[in-house]
Every structure is written in C-alpha cells, then in structure tokens.
2 protein chains.
Amino acid sequence: MPATPRRVTQRDIARLAGVSQATVSLVLNNRADADVRIAPETRDRVLRTIAETGYAADPVARRLAARFNRIIGVFTYEPAFPSGSRDFFHPFLLGIEEYAERAGCDLLLFTSAPVIDGRRRIFHQDNRLRLADGCILLGREIDAAELHRLNRDGFPYVAVGRRDDAGGPVPYVGADYATAVGELVGLALARGHRRLAYLNTDLTAESSADRRRGFVAASTAAESARHLTTVAAGADAILDDLLAEGTTVAFVEDFATAVALELATRRRGLSVPGDLSILTLGDPTVPVPSDLAFTGFRIPREEMGRQSVEVLAGVIDGSAVGVQQRLLPCQLVEGDTLGTP
Amino acid sequence: MPATPRRVTQRDIARLAGVSQATVSLVLNNRADADVRIAPETRDRVLRTIAETGYAADPVARRLAARFNRIIGVFTYEPAFPSGSRDFFHPFLLGIEEYAERAGCDLLLFTSAPVIDGRRRIFHQDNRLRLADGCILLGREIDAAELHRLNRDGFPYVAVGRRDDAGGPVPYVGADYATAVGELVGLALARGHRRLAYLNTDLTAESSADRRRGFVAASTAAESARHLTTVAAGADAILDDLLAEGTTVAFVEDFATAVALELATRRRGLSVPGDLSILTLGDPTVPVPSDLAFTGFRIPREEMGRQSVEVLAGVIDGSAVGVQQRLLPCQLVEGDTLGTP
DNA sequence: CATGGATACTAATACGTATTAGCGATCGAA
DNA sequence: TTCGATCGCTAATACGTATTAGTATCCATG
C-alpha cells in the first residue's frame, strides 16, 4: 500500500481548465491533424494548468492505451552488472545506455528473470516483458526456444550477436567474426605460415561457429589447418600436439587459453612468437592477467550496443523494413605475438 | 505500429474455460478469502487453459489496476554505466541488482532523464517515474528540490548516501563517514600526531559535511586541527602550507588529491609517511593510478546498494514504519601511509 | 434562407487487469 | 415450509490515457 495521495490526472486538468479530458490528451499529444483542432487560447489555458499542477502523464495508462512507451527492455543472460565477465559485457551496456539516452528511452533490466535448468528465462510466470516496447537480448548463448516464442508473439527484439534462425530469421547486430578471422589467417599466410591450428572452445554458440567458418574458408592455401578442442585439455598437452605436428601459428578462440598457452611455451624455454605465433580472436571474456600484447582483433562492443538500440527503435516504430541483421567489422590489433615461422 | 497480433488475455482464457474474466483473475491471484471462493475443479480448468495458451498477465494493465508492479526505478545522477567514475558507482549497482534479483524485482533505469542546467532531472515532461513502485537515487549530489517533490508526492524512494532533510526527513542508506573519520583521527592521535590538517574538496555534499564533522569531533585532543581547501590549489602550494605549519598528518577527502600530494612530497625528497602521513577518506571516485596502499577506509558500497533495495521494498509494501535511515560502518584499511610524527 | 463546409470541441469507448457488491443455488435447521 | 447461511460465481466498475465518431456553432455562399 504505497501511500499514494491521489495523483493529478488529465481529468483534474480538464476540470481546472474547463475542458474535457479528451481535449487535455489532444493538447498533450500536440495533435493538429485535419480532423482535430484546438483553439490556440484553449491550448494555452490547458498548458498553463498543466504547468501549474506539475502534471505528468501516467506512463502505465499511456502504454495501456497507446501500446507504446519509450521503454526498452534489456535481457541479459548473465547478470547485468557482472563481476566476473563484467569487463566483457560492460561495453555493450555502455553503448546501449548511450543510445537510449540520446533517443529519450528508459531501460528496463529484467533482473527478476529466474534461473531454470542453469539458464535465465525470459518467459516466466509474471514476466514484465510487455512493459517495454521491445527488448535487447544480451548473452553468449541465447535460448532458441525463447527466440521462437518472441518471433511467434511478434514482440520486437534485437539480439546482440548473430543468431541462427529460430522459427524465422532473428534480428541482430553482431560482429563479423568470419571476416576478422579470415584477415588474421591472411596475415599469417603472408608472413609465411603454412601449418595452422585452430583452438576451439565452444561448439554451440554462433559466435564460435562464425570464427571457425572464417578460419576454414581462409586457410585453403595452407599446408595444414587443423582443429583442436581445448575443452578439458591442459595447455601442455595442446602444446605437445602443436609442436609434434610442426604447427607454427595457433588461432585461439578463448583468450584465457591463449594466455595459458603462451605461459606453457615460455616454461619450456621456447618463445612467442619465435617458436610459435599465437593469435587471439576477440576480447577476453573473463579478466586474465597478462602483460603481453596479443595480435588478434577487437570486438566493436560499444558500437554493437548502440546500434542494437538504433535497430530496435526502427523495428518498434515500424520504420525498419524487413528483418534487420547487421554485422559490424572487428578491428585488427597488431600485437607482438605474430612472427615468421 | 508494433505488429502485435492480439495477445492472449484473461477474456480469452475465460471464454475457453467457460467462466468469467473475474474468475480468471481470482484464480490467477490465488484468492481464497472468505468472500471469494472458487471450486477446485473450476480452478483446475482455468489453470489448465492458462498453461495451454501460455498466457501471462499484462504487467501494464496489472499495474494500472493494482498500482503495484515489482519494478524498482533507479535514478543515477551520473550515467548508470559510466566510463569515468565507473569504478566508483559500479559496486552500488552490483548490490542493487543482486538484491533486486533475489526479491524478484526488475530494474528501470531512467536513462531518459535530460540534463538541465548541468544536472540530470527526475521530473521532466513525460517522466516514467510512476511506472516503478518506488525508486533509488544514486549520485554524489542529489537535487534537494526533487527530494521535496518526491516527499510531497508521497512517492516511495530511498537515497543511497545520507541526505539532509528536504521538506521532511529523507530515507537513506548511507555510510557512516563521521565515525570512520573519527576512528582514523584516533589512530593518528595514538601514533603521537598532534598537528592535523583536513583537506576539503566539496563544500555542499552531505558526505563531505559528515567527514568534516567526524574530524572536528575527534580532533579536540590535538594541538592544531586545521582545514584547508584543495579546490583550485596545487599540490605544491598545499604541501608548502602543511610543512610551514608543522603538520604531521593530512586527512584528504579526495583520493586524487592524496595521490598528488604524495607525489609532490616525494618530488621534494621527502617521504610518506616518514615526513608526512597521508590518510584517505573513501574509495577513489575517478580512476587514479597509484601503486601506494593508502591508509584510510573503504565505503561499503555493495552493501549499501543491497540494503537500499531492501529498505525500499519495505517502504513500498508498507512493512517499514517511519522514515528509514541507515548508516553502515566503513571498513578501516591499514595501509602504508600512516607513520609516527 | 437553405446549404455546405470549416472549426472546435466532447462523448464514448478501448486497452487488460483487480476488486467488490451482489445474485442464484443449495443446504441445514427450525 | 421457511428462513438464513454458505457456496460459487458474475456483473459492474475503476485505473488513466488515446482515439474516433460525432455534434454544435459559426461563417460564407448561392
């Protein structure tokens, strides 16, 4: 029982200004269509009354009547203000907030989403999804069933990161990993590398698949281009494998793995990039201490955040035609870990 | 025009289950009062229909009718995901999010609040404040006029950080700066310091006033306890002043100033804490590079965030009686910058 | 003076839920 | 048989806004 002492409504304004509630609404919304006209003096009177009372429209009623709110939902599959992967997701949120502010939108964080079967769920009893005009989905892995449902319900949304179809194409703003990895491969080939290896981590996420695809497509000119799975394999075992096969450059999906690999190499008295080049394929997802500047690329996270809001706004107001899918270029980083074989 | 294809409503459920809309609502809300009864078989039928259709209550309509939402507004006088002072405000948000998740609440970030006269405003045309059940105010300086208005409107809110009265007492969860500074003064006195100086920054914020109060109250046993204002004064000028007066320990409000002062001291060939002890009064508000471990105290930011949501929840549901004001203890940090005079 | 067309509004309704007063049916007791 | 009492539910209404159809008034024109 919030001690709400009857707030000011349009009806109050109407009574004070001697007009109807409808007129107040029309004035507020600046309606000046052909079939709706308000005399200037009436308009002024209403506006003055509004100013005097400090009236502000009830966003709830507004939304119920007009089905539109200027509120953007943000669903994060990890905590929105995370401690662990904080540094990775923070830039996305930064961009989202920046554009939302510019667009005059508020952000609704669905922190109440419960974790079921080890994963946060959008659709739970009592979800507040529809309070927002649309929503942005953030997280490494997004549940396909939930995308299906969003598509089916026709609820406007945009995923941050490319997503496979889920009962229809999924609108997204992603990073062009395939191209970025391809460019790195090109760089390595140009330096004379011929025996490449790609170190997998994840096997399901789209971002992972895109990187692999880029690697495969670009490494046709190589003598050998192998895949290794780093899951549950120690850095030393991997290093053994690489050296045994005469690999000269490793493309490492997971940043932490790259750091561990470099450490293992150094422990054997070998050097990076003297004996082995190591390339990273994106920013660290967990904070990893390393004073080494890896060669690789950077994900345009902030820009992805910004553009996801931009795209969503277009979808909501109907100005966007068709399904919106954008891939932004990654930025190559020239570090110290790519040498000659 | 969001292509919303008519969502499922209680009326649809009612029609399918052969009951009235009111009955559906009653079942959903688990009402079993004396004057409202639903036969078990009816209840089951309704629940089954709900499950089949995947119905979820419209939070907007719910709020409009029931005036209560499980949404907590968060108003930040700085950007919520800031880059500059990010490290300072982040822990508050972390705590807020953590408790909100536990309480099953969503968070509404008022990113749309416009900047007027160099300050963000809660109350602007079209503010979405009332969408939330209550709100949390975060920021170094909070506009007193807006607090007045919140009080007048009876809108539930809690400030993070102690606030002076503004048209009535302000509910808050703050840090007990006075006690913390007092303890530091006690520490210095125990080490034999007798000539103390307090370096001011801000003159208006409550957090600043509290620190000063703690200093004054605790330093009665000192030979001299002076105030210096660091605004617009260079570190060298301050150092001159301190040395001229034979000051042996400086209590520095602003972290960056402490760093600058230490640097200036070292540049003169003097040492900290050999020639001058420097104590800090809280965490850095902007990232300052320093490899020195200052003696001072830490603000329980995360806990403040958590408890502010807890307090707000109590205010909203009416379980809290009277105005809620909490001061949490700060944690003393034994660093390397307090020596003997 | 009738007609038509602007002009300036208002009445009514929709949005989807929660709440409350009240109604018909059934049952037990007098 | 009648009079409550209880049970199980529904009708009606409120919440505060946006929208649309429609109405009353006025003015110009033929």
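Order of the sequence lines sets the chain letters (A, B, ...), proteins ahead of strands, with each chain counted from 1.
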Aromatic rings Phe75(B) and Tyr77(B): how do their planes relate, parallel, tilted or perpendicular, breaks at 30° and 60°? perpendicular

I need the Leu137(A) CG to Leu150(A) CG distance, nearest 0.5 Å. 6.5 Å

Which distance, rounded to the nearest 0.5 Å, do you find between the CG of Leu26(A) and the CZ of Arg31(A)?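 The distance works out to 6.0 Å.
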
Rounded to whole Å, how long is the line connecting atom [atom1] of [X] with atom [atom2] of [N]?
| X | N | atom1 | atom2 | result |
| --- | --- | --- | --- | --- |
| Arg62(B) | dA18(C) | CZ | C1' | 9 Å |
| Arg63(B) | dC15(D) | CZ | C1' | 11 Å |
| Gln10(A) | dC15(D) | CD | C1' | 13 Å |
| Asn30(A) | dA18(D) | CG | P | 12 Å |
| Asp58(B) | dT17(D) | CG | P | 17 Å |
| Arg37(B) | dA5(D) | CZ | C1' | 11 Å |
| Arg128(B) | dG16(D) | CZ | P | 19 Å |
| Arg11(B) | dT17(C) | CZ | C1' | 11 Å |

Exercise: identify the closest heavy-atom pair between [X] and [Y]:
| X | Y | result |
| --- | --- | --- |
| Arg120(B) | Thr76(B) | NH1-O, 2.9 Å |
| Arg326(B) | Glu310(B) | NH1-OE1, 3.8 Å |
| Arg11(B) | Gln21(B) | N-CG, 4.5 Å |

Name every residue in residues 44-55 of chain B that has at least one heavy atom under 4.0 Å from any atom of DNA chain D, in order of residue number, or write none if there are no such residues.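 Heavy-atom contacts with DNA chain D come from no residue of residues 44-55 of chain B; none.
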
For dC9(D), does OP1 or OP2 lie under 4.0 Å from any side-chain N or O of Thr42(B)? yes

On the ring face of Phe123(A), is Arg149(A) found with NZ or CZ under 6.0 Å from the centre and within 45° of the axis?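 Yes, Arg149(A) sits over the ring of Phe123(A).
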
What nitrogen or oxygen pairs link the protein and nucleotides 19-25 of chain C at under 3.5 Å?
residue: dT19(C); atom: OP2; partner: Arg31(B); partner atom: NH1; Å: 3.3

Do Asn151(A) and Tyr157(A) have side-chain N/O donor and acceptor atoms under 3.5 Å apart? yes

Under 4.0 Å, counting only non-hydrogen atoms across every strand here, what does Val60(B) touch: a base, just sugar-phosphate, or nothing?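 No contact at all - Val60(B) keeps every heavy atom at 4.0 Å or more from the nucleic acid.
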
At 4.0 Å (heavy atoms only), tell me whether Val19(A) reaches a base, stays on the sugar-phosphate, or touches nothing.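 Sugar-phosphate: the residue Val19(A), judged by heavy atoms under 4.0 Å, touches backbone atoms but no base.
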
Arg7(B)/Asp58(B) salt bridge by N-O under 4.0 Å criterion: yes

By nearest nucleotide on DNA chain D, pick out whichever of Leu64(B) and Ala39(B) is the more 5' one. Ala39(B)

Report the residue (Gly18(B) or Leu28(A)) whose heavy-atom-nearest nucleotide on DNA chain D is the more 5′ of the two.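 Result of the comparison: Gly18(B).
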
